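On a predicted model such as this, the values are computed, not experimentally measured, just so you know.
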2 protein chains.
Amino acid sequence: MKTERTWTISELAREFKVTPRALRFYEDRGLLSPRRDGLNRVYSVRDRGRLILILRGKRVGFPLTEIKEILDLYDLNDGERAQMQTALKKFRARAVTLESQREDLEGAIQALADGIAWLEGRLAEPAPKAGVAAARAFEQEAKRRLQDA
Amino acid sequence: MKTERTWTISELAREFKVTPRALRFYEDRGLLSPRRDGLNRVYSVRDRGRLILILRGKRVGFPLTEIKEILDLYDLNDGERAQMQTALKKFRARAVTLESQREDLEGAIQALADGIAWLEGRLAEPAPKAGVAAARAFEQEAKRRLQDA
DNA sequence: CGTACCTTTGACGTCAACGTCAAGCTCCCT
DNA sequence: AGGGAGCTTGACGTTGACGTCAAAGGTACG
């Protein structure tokens, strides 16, 4: 019988570039619950999986409370139909905001790309001439583009 | 000669569902600088445009300091080549992180869609039978999917 | 004239997500 | 025995983005 791999707190912290403090904090908020070897925390493959989900959730802007709800969903058994219903509602709502967030993001990426191109253009020409006018033009263009997205 | 439309602080706040306090805060941080009519703030079309950019920036996770840098860019004239250079660097870096952020976001949307489908499936069948097993299966599947993104 | 409403400027409070100590434990090495 | 290295649990500090009063002034209505 093969024993599954485990990690210490600092090993896991190093791997995911977070501090041990952060891992303890997640535990304090109920997102992780590693086993103990005496006092020391022992993180399993499952704990590590949850951490991956936590960090991903954070990167897309989820607060920890909401990440916890999602993680808890995996532990629901068939008794809790009601909770599944409410979870489903929240998930649908979340999906909607995520979609609009993606639109925002794509708009921002586009605007940034435009800004970069504009900057490159201005830096390319050695003689500053129609600069201010061009700036104004870009400003208007950027604003227009950003508004009707 | 037609006079351009202006807004009071609470009008603008209502329109964009923020509080007057937030608008004053943005001003305090140098992101807005409305005219004054006596003491009262008067927001122009340009101020309103900047506010739109501010809110969009916030929605994609920019801190106010960075939003300010972007807004300030529009006011650069041809003297500040150096500042344009540094701005360009920062923008390129930002573009990279935005791209990876978009990947995260798309992964999250996909995971959420999977979760929703799974929940719907479980709620559809009236007799809870292979529930826990299915839950475990989904958990593994979700984790796998989330890891190799 | 009162008072109702909107505005102003401080000043202090709050909340999330940790950071930063401090004090003490255990294990291991020399 | 001494000394690190790494772990533990508090407890307090910090940062960003505002919220929440308080005190005071202008404007408008009945």
- [ ] Under 4.0 Å between any heavy atoms, over every strand shown, what does A/P63 touch: base, sugar-phosphate, or nothing? Just pick one.
- [x]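 If one applies the 4.0 Å heavy-atom cut-off, A/P63 turns out to touch the sugar-phosphate alone, with no base involved.
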Open item on the list: Under 4.0 Å, counting only non-hydrogen atoms across every strand here, what does A/T19 touch: a base, just sugar-phosphate, or nothing?
Closed with: sugar-phosphate
- [ ] Report yes if at least one side-chain N or O of A/Y26 is closer than 4.0 Å to OP1 or OP2 of C/dA17; otherwise report no.
- [x]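 For C/dA17, neither OP1 nor OP2 has a side-chain N or O of A/Y26 closer than 4.0 Å.
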Open item on the list: Rounded to whole Å, how long is the line connecting atom CG of B/L23 with atom P of D/dC18?
Closed with: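 Nearest whole value for this atom pair: 10 Å.
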Task: Distance in angstrom units between A/K58 NZ and C/dA16 C1', rounded - done: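 In whole Å, C/dA16 C1' and A/K58 NZ are 10 Å from each other.
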Task: B/R14 with B/E11: basic N within carboxylate O range, under 4.0 Å - done: no
- [ ] Could you list by number each residue of residues 35-43 of chain A showing a heavy-atom separation from DNA chain D of less than 4.0 Å, or answer none if no residue does?
- [x] A/R36, A/L39, A/N40, A/R41
Open item on the list: Just to be sure I understand the geometry, which residues of residues 4-16 of chain A put a non-hydrogen atom under 4.0 Å away from DNA chain D?
Closed with: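 Listed by number, they are A/T8, A/I9, A/S10.
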Task: Side-chain (B/R56) to main-chain (A/D104) donor-acceptor, under 3.5 angstrom - done: yes
Task: Under 4.0 Å protein heavy-atom contacts per nucleotide of nucleotides 20-25 of chain C, with B for base, S for backbone only and - for none - done: B-----
Task: Under the salt bridge (Lys or Arg N to Asp or Glu O under 4.0 Å) test, residues paired with B/R92 that sit two or more places apart - done: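 Here the qualifying residues are A/E120.
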Open item on the list: Tell me every residue that passes side chain to side chain contact (heavy atoms under 4.5 Å, CB included) with A/S44, counting only those two or more places apart in sequence or in another chain.
Closed with: A/R46, A/D47
- [ ] Not counting sequence neighbours, which residues clear side chain to side chain donor-acceptor pair (under 3.5 Å) with B/R35? List them please.
- [x]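 For B/R35 there are no side chain to side chain donor-acceptor pair (under 3.5 Å) partners, ignoring immediate neighbours.
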